[in-house]
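Computation of the quantities below employed the complete heavy-atom set of this structure, encompassing side-chain atoms and omitting hydrogens, waters and symmetry-equivalent molecules.
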Amino acid sequence: MKADLHVHSHYSDGSDSVEEVMKQAKANGVTHLSFVDHDTVDGLPEIIMLGEKNGMEVIPGIEISAYDFKRERKVHVLGFHYRPEAVHIQAVCQPILNRRQQHSLWQIEQINTVGYELDAEAILETAWPSKTVYKQHIMSHLTKADYSSQAYKALYKRLFKHEGVASGDIEYLDAFTAVEAIVADGGIAVVAHPGQLDSYDIIPELVEAGLGGVERNHPDHTDEDYQKVEALAKRYNLVMTGGTDYHGSFGAVVEVGSCTSPSLRSRVQELR
């Protein structure tokens, strides 16, 4: 078995369809896959259908955009194997999607004030089936440069970071609420890539709210991150997961299945 438990599709900020991601996964020998699109479960019916069609085990997933208000930093919370209706998850995520959509439309307006001619309706159309516009969708209408290129990074930084005309961010969900919603829907809550966002300090506190795991394997993690995750997992009896954080052309160059979940057999069983 080979599991990639962290991929994204065009239901949020990934460039590829579910079918395209699944095709690549199958070609790379992946047997278990979890789409963790940001703050939405809209793609789940198609994911389940295509998983059955391709003979691949799919684990319902989501990545919730959360926040550690005590330390004033972002925390991404993965949810796995929740009930398909995901009533609690959808209830807490919809306001995030609404705020992100309004912020993105504001960003488009701001970018146009400095000489660009972005068409909001055209961006909404190309973002579909994501019902929410992300910065990646806006950038695709601004440049054909590759995501990893210096030209792309420079333009992104100039517009969206620091004093950029479209800088700023939305209010995210409290990390404790994210964990509680996932658990209420029968799922397993996992802190995503703690090394990337420096989310280690909140993990012991989230355990009390029902946190069940922490992501060990991620392209941004170092050997030091592996050691930190393993120590926390052992101390608090947490499952360890892993995946590529694949976003297609909207993210870093990575092959689906090139970063997988550790201790595969036991971990997949625990997630089921």
Side-chain angles (χ1 to χ4, degrees), residues 3-14 16-22 25 30-67 75-102 127-134 170-192 206-215 238-239 241 243 245-246 261 267-272:
D4 188 336
L5 302 184
H6 194 149
V7 299
H8 297 272
S9 77
H10 63 182
Y11 279 99
S12 66
D13 62 345
D16 296 352
S17 68
V18 170
E19 188 168 18
E20 289 169 330
V21 177
M22 204 166 286
V30 174
T31 57
H32 294 71
L33 193 64
S34 186
F35 287 83
V36 292
D37 283 311
H38 291 280
D39 309 310
T40 183
V41 297
D42 283 353
L44 188 56
E46 182 185 11
I47 291 166
I48 292 173
M49 181 271 290
L50 288 175
E52 293 174 351
K53 178 181 177 181
N54 288 280
M56 186 171 293
E57 184 79 18
V58 294
I59 298 169
I62 191 170
E63 184 169 9
I64 299 180
S65 306
Y67 202 74
V75 181
H76 286 189
V77 181
L78 299 168
F80 294 111
H81 203 63
Y82 48 79
R83 288 186 287 272
E85 58 271 20
V87 176
H88 298 86
I89 290 172
Q90 292 194 72
V92 299
C93 284
Q94 191 57 52
I96 303 173
L97 295 173
N98 293 342
R99 288 193 292 270
R100 191 183 298 280
Q101 181 75 339
Q102 291 305 310
W128 186 262
S130 173
K131 298 173 184 175
T132 306
V133 171
Y134 289 81
I170 64 171
E171 178 183 343
Y172 292 102
L173 184 70
D174 185 280
F176 292 90
T177 303
V179 169
E180 290 164 358
I182 292 166
V183 173
D185 282 329
I188 296 176
V190 173
V191 169
L206 290 176
V207 169
E208 297 180 15
L211 186 75
V214 58
E215 188 173 47
L238 302 172
V239 299
T241 67
D245 206 351
Y246 180 82
S261 190
R267 293 316 175 205
V268 169
Q269 189 62 36
E270 287 177 85
L271 288 173
R272 295 194 59 184

With a 4.5 Å heavy-atom cut-off, do Ser12 and Asp39 have their side chains touching? no
For the pair Gln94 and Asn98, evaluate side chain to side chain donor-acceptor pair (under 3.5 Å) and give the outcome as yes or no after the intermediate values. CA-CA 6 Å; Gln94 191 57 52; Asn98 293 342; 2.9 Å; yes
d(Leu33 CG, Tyr246 OH) to nearest 0.5 Å is 11.0 Å
Next on the checklist: Does any part of the side chain of Ile62, heavy atoms only, come nearer than 4.5 Å to the side chain of Cys93, both counted from C-beta?
Outcome noted: yes
- Message: Taking the side chain as everything from C-beta on, heavy atoms only, tell me whether His76 gets closer than 4.5 Å to His38.
- Response: yes
Side chains of residues 173-192: which donor-acceptor partners sit under 3.5 Å, not counting sequence neighbours?
unit_1: Asp174; atom_1: OD1; unit_2: Phe176; atom_2: N; d: 2.8
unit_1: Asp185; atom_1: OD1; unit_2: Val87; atom_2: N; d: 3.4
unit_1: Asp185; atom_1: OD1; unit_2: His88; atom_2: N; d: 3.2
unit_1: Asp185; atom_1: OD1; unit_2: His88; atom_2: ND1; d: 2.9
unit_1: Asp185; atom_1: OD2; unit_2: His88; atom_2: N; d: 3.0
unit_1: Asp185; atom_1: OD2; unit_2: Ile89; atom_2: N; d: 2.7

**Item:** Val41 side chain near Pro60 side chain, heavy-atom distance below 4.5 Å
**Value:** no
Under a 4.5 Å cut-off applied to non-hydrogen side-chain atoms, are Tyr11 and Ile47 in contact? no
Closest non-hydrogen atoms of Gly51 and Val58, given as atom of the first, atom of the second and distance, are CA-CG1, 4.0 Å
Determine whether the aromatic ring centres of His8 and His6 lie less than 6.0 Å apart. yes
- [ ] Kindly say whether Glu46 contributes a backbone atom to a donor-acceptor pair with the side chain of Glu19 at under 3.5 angstrom?
- [x] no
Nearest heavy-atom approach of Ile59 to His81 is CG2-N, 3.8 Å
Separation between OG1 (Thr40) and CD1 (Ile64), nearest 0.5 Å, reads 11.0 Å
Heavy-atom check, side chain of Val36 versus side chain of Phe80, under 4.5 Å:
yes
Between the NZ atom in Lys131 and the CG atom in Asp42, the distance rounded to the nearest 0.5 Å is 4.0 Å
Minimal heavy-atom distance between Asp4 and Gly243, with the atoms involved, is OD1-CA, 3.2 Å
>> Do Glu63 and Phe35 have side chains that approach each other closer than 4.5 Å (heavy atoms only, starting at C-beta)?
In response: no
Taken to the nearest 0.5 Å, the spacing of Leu50 CG from Glu20 CD works out to 11.0 Å
| request: May I ask you to test the Ser65-Arg100 pair for a side-chain heavy-atom distance under 4.5 Å? | output: yes
Note: Val30 and Met56 closest approach over all heavy atoms is O-CE, 3.2 Å
